Amino acid sequence: MWAVLAAGALAAGLLAGCSSKNQVPSIGYAVDALPASYNGGSTLGANGGAAALFPRVLTGFFYTGPDGQPVADTDYGTAKQVPGDSQTIQYRLNPDGVYSDGVPTSCDDMVLEWAARSGRFTRPGGAPMFDAASTAGYSDIERVDCQPGAKSATVTFRAERHFLAWQTLFTAADLMPAHVVAQVAGVPDVVKPVQSGDQATLEKLAQFWNNGWMLNQGTTDPKVFPSSGPYRIESVSATDGIVLVKNDRWWGNAARTPRIVLLPKNIDLRKKVADKAVAVVDVGAGSVKDLSLSGFSVQQVPSRGAEQLVLSTGGVFGSADARRAFASCLPRQSLYDKLGHPGFDVKSGLGAGPLNSRIVQADSLYYPVVSGGADKYRTGDAAAGQARALGADPTVRIGYLAPDDRRAQTVSMIADACKAAGITVVDAGAPDFSPTELGDKVDAALGGTAGAPGPSGTLTGVGATVSLHSGQGLNFGHYSNGRYDSLTDQLAADDFSADVLSANTEAENLLWTDMPSVPLFATPRTVAFGDGLVNGIVSPTKAGAGWNMDRWVLQR
């Protein structure tokens, strides 16, 4: 893995080692995710930041690199496209690969991942068995040829489909231990029931895949939470975070620090910093009020995550007219000016102004063309945002994961701007907020790409696209438009520039008309490495600074 570090990554806090200093055996890593599940492929796991917390606990054929790109992890295995009438990928797992419980990694894990995320397996009535964050790419796979326990597999896509971003499949933090699920279901392996479509057994597999890896307090059972990476989970605590320790069965380069303590959103970060229990910080810029980071090398950077409001498509926002009226009163330019670029001032690309597209990156050549639909929603227009479309005395409840000072200020500024339009905006931020509350407890969710409270976004933009696609777990607003689905399905398979430009432009114009969400700006991140921290590399993506945590060394 480490031979393929992205050349463009900037090594922040990369300090020369000093022989007179001693290595600290434990490193605290604070990140503003709120983990709920070990399973990063589930809706709860993805929204809870599994990609930032567990990329070196559960490995895969690829991981998200510091620039947001998929990078091959040859420690886990290799993957390559092979010629043929249908898109076909040949996967080979490392022969030495073994979970921390002693069970070898195998293509069974791939079969489970495909079964869970293909959308193919449903209950009577059509509801999906598996609560997958996204079926993107997996739904295009016709079959996964795998002999139970084997170290290789062939993945064949449907003849009429092609998935350009196939390197986002079977990746770190997503590939789960199939043998654990098989044991719970009382079957020798998951391959045979998936291949035969055994409904009763698939129900058992789905029940555990959805709910069996919840991160409850206490010491985790190593038989249920085995690791395929250089670290494994030792314990989970509401006050002390998630403790990772070195996985002695890891077959690659050993982790350089024996212990990493993950300190998520619900930890008192200011106290942990004051107690010198933190050496790496990766949080939303301005989110923690009065956070002192003296003794740290600090960078403020725009991320590939989109700070946005995801709107419900029911209740007060049951019509596109109502959603457009609300968007019209939002002071997007003022929000960017005050909150969107703290500590940096870039002239172009990410973070250079209000974000005017949901599905195209601001540093893409397509961005200036596709983002024209945002022009009339830049400054906030009380007259255009008159509350008639929202009904009498409309109230809009905006939820977000609290405490978060920047997002509280965002809601306050929106409330002041929309008051003139006759719209009452209520701050519904809460420490236990989840975007699943959209349409019930709240009318809008304020967060990053796909509603994530913490690190979000990738270079491929798959998460942004699927979060507005019908039937996806990350589509918390339950937006549905067949034309948008068709366009994004086309974009997933077509890389001819003229077609991409046309499809992106139509899709973005459609979204500015339907207004299922309102982009505000590229989410600004504060990434800080403590003095003496070696090999800290900023990654303003869903993988966060922890993408290479097994290389960290702290010398004091």
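FYI, side chains are in, hydrogens and waters are out, and symmetry mates aren't considered; it's all heavy atoms of this structure. Since this is a predicted model, take the numbers as computed values, not measurements.
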Minimum heavy-atom separation for [X] and [Y], please, with both atom names.
X	Y	value
Phe130	Ala206	CE2-CA, 3.3 Å
Val144	Ile141	CG2-CG2, 4.1 Å
Gly544	Asp282	CA-OD2, 3.3 Å
Pro193	Thr201	CB-CG2, 3.6 Å
Val261	Ser26	CG2-OG, 3.7 Å
Tyr29	Ile260	CB-CG2, 4.3 Å

**OP:** Only one of Trp547, Trp166, Tyr76 passes ring-ring contact (aromatic ring centres under 6.0 Å, His included) with Phe62; say which it is.
**Re:**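 Between Phe62 and the candidates, ring-ring contact (aromatic ring centres under 6.0 Å, His included) is satisfied uniquely by Trp166.
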**OP:** Please assess Arg117 against Asp174 for the test salt bridge (charged side-chain N to carboxylate O under 4.0 Å, His left out), listing each intermediate value before the final yes or no.
**Re:** CA-CA 10 Å; Arg117 302 188 63 182; Asp174 286 356; 3.1 Å; yes
Original post:
Which of these passes side chain to side chain contact (heavy atoms under 4.5 Å, CB included) with Met549: Ile27, Leu244, Val280?
Top reply: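 It is Leu244; the other options fail the test.
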Between [X] (side chain only) and [Y] (backbone N and O only), is there a donor and an acceptor less than 3.5 Å apart?
X	Y	result
Thr64	Ala543	no
Gln167	Ala165	no
Asn247	Gly229	yes
Ser486	Arg483	no
Arg304	Ser539	no
Lys542	Ala50	no
Ser37	Met214	no
Tyr38	Ala173	no
Thr78	Thr74	no
Thr257	Trp552	yes

Atom [atom1] of [X]: over 12 foreign heavy atoms under 6.0 Å:
X	atom1	result
Glu142	CD	yes
Lys151	NZ	yes
Gln90	CD	yes

Side chains of [X] and [Y], donor plus acceptor under 3.5 Å:
X	Y	result
Asp485	Ser470	yes
Ser312	Asp443	no
His179	Asp109	no
Gln87	Arg161	no
Thr135	Gln472	yes
His162	Asp140	no
Thr88	Ser86	no

Would you mind reporting whether [Y] and [X] have side-chain heavy atoms less than 4.5 Å apart?
X	Y	value
Val466	Asn475	no
Phe208	Val224	yes
Ser303	Thr541	no
Ile267	Leu269	no
Tyr91	Thr154	no
Phe163	Leu169	yes
Ser227	Tyr99	no
Val288	Pro403	no

Straight-line distance of [X] [atom1] to [Y] [atom2], nearest 0.5 Å:
X	Y	atom1	atom2	result
Thr168	Phe61	OG1	CZ	14.0 Å
Lys246	Ser100	NZ	OG	15.0 Å
Tyr63	Asn548	OH	CG	8.5 Å
Phe225	Phe54	CZ	CZ	8.5 Å
Glu437	Arg397	CD	CZ	10.0 Å
Thr313	Asn481	OG1	CG	11.5 Å

**OP:** Please lay out, stage by stage, how Gln308 and Arg358 fare under the test side chain to side chain donor-acceptor pair (under 3.5 Å).
**Re:** CA-CA 9 Å; Gln308 61 182 331; Arg358 302 157 182 82; 6.0 Å; no
Subject >> Audit row: Asp550, Arg56, salt bridge (charged side-chain N to carboxylate O under 4.0 Å, His left out) steps and yes/no >> reply: CA-CA 7 Å; Asp550 56 317; Arg56 304 308 293 151; 3.0 Å; yes
**OP:** Go through the steps to decide whether Lys80 and Ile89 satisfy the test side-chain contact (heavy atoms from CB on, under 4.5 Å), and finish with yes or no.
**Re:** CA-CA 5 Å; Lys80 65 177 182 178; Ile89 317 294; 5.9 Å; no
Subject >> Asp514 and Arg323: CA distance, side-chain angles, deciding distance, salt bridge (charged side-chain N to carboxylate O under 4.0 Å, His left out) verdict >> reply: CA-CA 8 Å; Asp514 283 358; Arg323 297 192 293 273; 5.4 Å; no
Original post:
Would Thr105 and Trp251 satisfy side-chain contact (heavy atoms from CB on, under 4.5 Å), going step by step from the backbone distance to the final call?
Top reply: CA-CA 11 Å; Thr105 59; Trp251 58 93; 4.2 Å; yes
Original post:
Can we say Asp96 and Arg249 salt-bridge, meaning some charged N sits less than 4.0 Å from an Asp/Glu carboxylate O?
Top reply: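 Salt bridge flag = no for Arg249 with Asp96.
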**OP:** Go through the steps to decide whether Leu309 and Tyr400 satisfy the test side-chain contact (heavy atoms from CB on, under 4.5 Å), and finish with yes or no.
**Re:** CA-CA 10 Å; Leu309 288 163; Tyr400 57 92; over 6 Å; no
Original post:
Would Asp108 and Lys192 count as a salt bridge (charged side-chain N to carboxylate O under 4.0 Å, His left out) if you check the C-alpha gap in whole Å, the side-chain angles of each, and the deciding distance to 0.1 Å?
Top reply: CA-CA 10 Å; Asp108 298 35; Lys192 292 177 182 176; over 6 Å; no
Original post:
Are Phe170 and Trp114 near enough that their ring centres are under 6.0 Å apart?
Top reply: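 No - the distance between ring centres of Phe170 and Trp114 does not fall below the 6.0 Å cut-off.
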**OP:** May I have the step-by-step check of side-chain contact (heavy atoms from CB on, under 4.5 Å) for Glu508 and Ile359, ending in yes or no?
**Re:** CA-CA 7 Å; Glu508 198 61 60; Ile359 61 174; 3.4 Å; yes
